[in-house]
Amino acid sequence: MIKKEYVQIPSNEIHEYWDLFGGLIEKARQKAGDDDHSLQGVYSRLVNNMWQLYAVLEEGELSFIFVTCVIPYDLNSYLHSIYTSAMDGKKIDFSYYDECTMKIAKHFNCSRISGGGRKGWLRINKKYGYEEKPLVIKEVR
């Protein structure tokens, strides 16, 4: 059995590994077609502890990362998954990722988990109990 663990990268250590993490985040940002955030904005949110960065290690080696934030509403709080990105040649173990996000959501007293990204995630998400809810977007002109 492969030993896996996830660790939160402390906000005061983001700068030390930004060359690696920034590249992985940019890869995820581009694949998702994210035109809402800049890489510099992501960096700022991470170092100011508005967002959280987690690294998943397999046998002590970096496998993938994910970025989350907590979104509080009146009746629920969401752990929102913003980006996930794997190291070259690695795959994201969604079962383990789901386990991690459930633990993190409980840690932050979140009652729900949300996320977005590429359409390919929808098929996998449904297997783990995620439901698809419509989101519509309109440009304000």
Side-chain angles (χ1 to χ4, degrees), residues 1-140:
M1 179 175 221
I2 296 174
K3 181 183 178 213
K4 296 178 189 174
E5 65 178 326
Y6 73 96
V7 294
Q8 181 177 0
I9 308 303
S11 60
N12 63 348
E13 294 181 15
I14 299 290
H15 68 280
E16 292 180 42
Y17 308 102
W18 187 245
D19 286 344
L20 172 61
F21 295 142
L24 290 169
I25 291 168
E26 182 61 15
K27 181 173 83 170
R29 201 180 72 72
Q30 287 181 4
K31 282 186 175 183
D34 180 357
D35 60 359
D36 292 321
H37 302 101
S38 67
L39 191 57
Q40 182 59 39
V42 172
Y43 176 81
S44 177
R45 286 173 184 86
L46 290 169
V47 298
N48 289 303
N49 213 24
M50 297 166 64
W51 289 2
Q52 304 82 38
L53 172 63
Y54 296 90
V56 174
L57 307 173
E58 289 186 7
E59 299 294 336
E61 290 190 21
L62 182 62
S63 179
F64 66 93
I65 65 165
F66 59 99
V67 176
T68 65
C69 71
V70 175
I71 305 173
Y73 290 98
D74 294 338
L75 302 175
N76 294 293
S77 287
Y78 285 71
L79 179 72
H80 183 69
S81 180
I82 304 165
Y83 302 114
T84 58
S85 187
M87 293 294 292
D88 287 339
K90 305 270 184 175
K91 291 189 177 190
I92 294 170
D93 178 347
F94 195 85
S95 176
Y96 186 70
Y97 172 71
D98 183 56
E99 179 183 322
C100 295
T101 55
M102 289 293 285
K103 288 178 183 176
I104 294 164
K106 288 177 183 176
H107 171 78
F108 285 113
N109 296 314
C110 294
S111 52
R112 296 184 175 166
I113 297 172
S114 65
R118 296 178 288 146
K119 289 183 180 183
W121 282 100
L122 290 176
R123 183 177 39 86
I124 296 168
N125 287 338
K126 287 179 182 181
K127 290 180 184 179
Y128 290 90
Y130 290 84
E131 63 181 282
E132 184 179 352
K133 290 195 171 193
L135 173 67
V136 295
I137 299 171
K138 179 179 180 179
E139 293 288 326
V140 176

> Grab the two heavy atoms, one from Glu58 and one from Ser63, that are nearest each other, plus how far apart they are.
OE2-OG, 3.4 Å

> Going through the checks in order, is the side-chain contact (heavy atoms from CB on, under 4.5 Å) test met by Tyr97 and Val56?
CA-CA 9 Å; Tyr97 172 71; Val56 174; over 6 Å; no

> Compare every heavy atom of Tyr96 with every heavy atom of Glu5, then report the nearest pair and how far apart it is.
CA-OH, 3.1 Å

> Can you measure from CD (Gln52) to SG (Cys69) and round to the nearest 0.5 angstrom?
7.0 Å

> Roughly how far, to the nearest 0.5 Å, is the CG atom of Leu20 from the CE atom of Met87?
5.0 Å

> Locate the shortest heavy-atom distance separating Ala55 from Leu62; write the atom from each residue and the value.
CB-CD1, 3.7 Å

> Do the non-hydrogen side-chain atoms of Phe21 and Leu53 ever get within less than 4.5 Å of each other?
yes

> Any idea which heavy atoms bring Lys91 and Phe64 closest together, and the distance?
O-CD2, 4.4 Å

> Rounded to the nearest 0.5 Å, what separation is found between the OH atom of Tyr6 and the OG1 atom of Thr101?
9.0 Å

> Could you measure the distance from the CD1 atom of Ile113 to the CG atom of Leu79? Nearest 0.5 Å is fine.
6.0 Å

> Working to the nearest 0.5 Å, report the span between NZ of Lys31 and OG of Ser85.
7.0 Å

> Out of curiosity, Leu24 CG to Asp88 CG, how far, rounded to the nearest 0.5 Å?
8.0 Å

> Would Trp18 and Leu39 count as a side-chain contact (heavy atoms from CB on, under 4.5 Å) here? Give the steps.
CA-CA 11 Å; Trp18 187 245; Leu39 191 57; 3.7 Å; yes

> If you take the centroid of each ring, where Trp contributes its six-membered ring, are Trp51 and His37 closer together than 6.0 Å?
yes

> Would you mind telling me which of Thr84, Asp34, Leu46, Ile82 makes a side-chain contact (heavy atoms from CB on, under 4.5 Å) with Ile25?
Leu46

> Side chains of Tyr54 and Val7: does their closest heavy-atom pair fall under 4.5 Å?
no

> Is atom NZ of Lys4 surrounded by more than 12 heavy atoms (other residues, nucleotides or ligands) closer than 6.0 Å?
yes

> Show your reasoning for whether side-chain contact (heavy atoms from CB on, under 4.5 Å) applies to Val70 and Cys110.
CA-CA 8 Å; Val70 175; Cys110 294; 3.9 Å; yes

> Taking the six-membered ring for Trp, is the centroid-to-centroid distance between Tyr83 and Phe66 below 6.0 Å?
no

> Could you walk me through whether Glu26 and Gln30 satisfy the side-chain contact (heavy atoms from CB on, under 4.5 Å) test, starting with their C-alpha distance in whole Å, then the side-chain angles of each, then the deciding distance to 0.1 Å, before giving a yes or no?
CA-CA 6 Å; Glu26 182 61 15; Gln30 287 181 4; 2.7 Å; yes

> Where is the tightest heavy-atom contact between Asn49 and Gln8, given as atom of each residue plus distance?
OD1-NE2, 4.5 Å

> Take atom CD in Glu61; do more than 12 heavy atoms of anything else shown fall under 6.0 Å from it?
no

> For Asn48 and Ser44, indicate whether the former's side chain and the latter's backbone hold a donor-acceptor pair under 3.5 Å.
yes

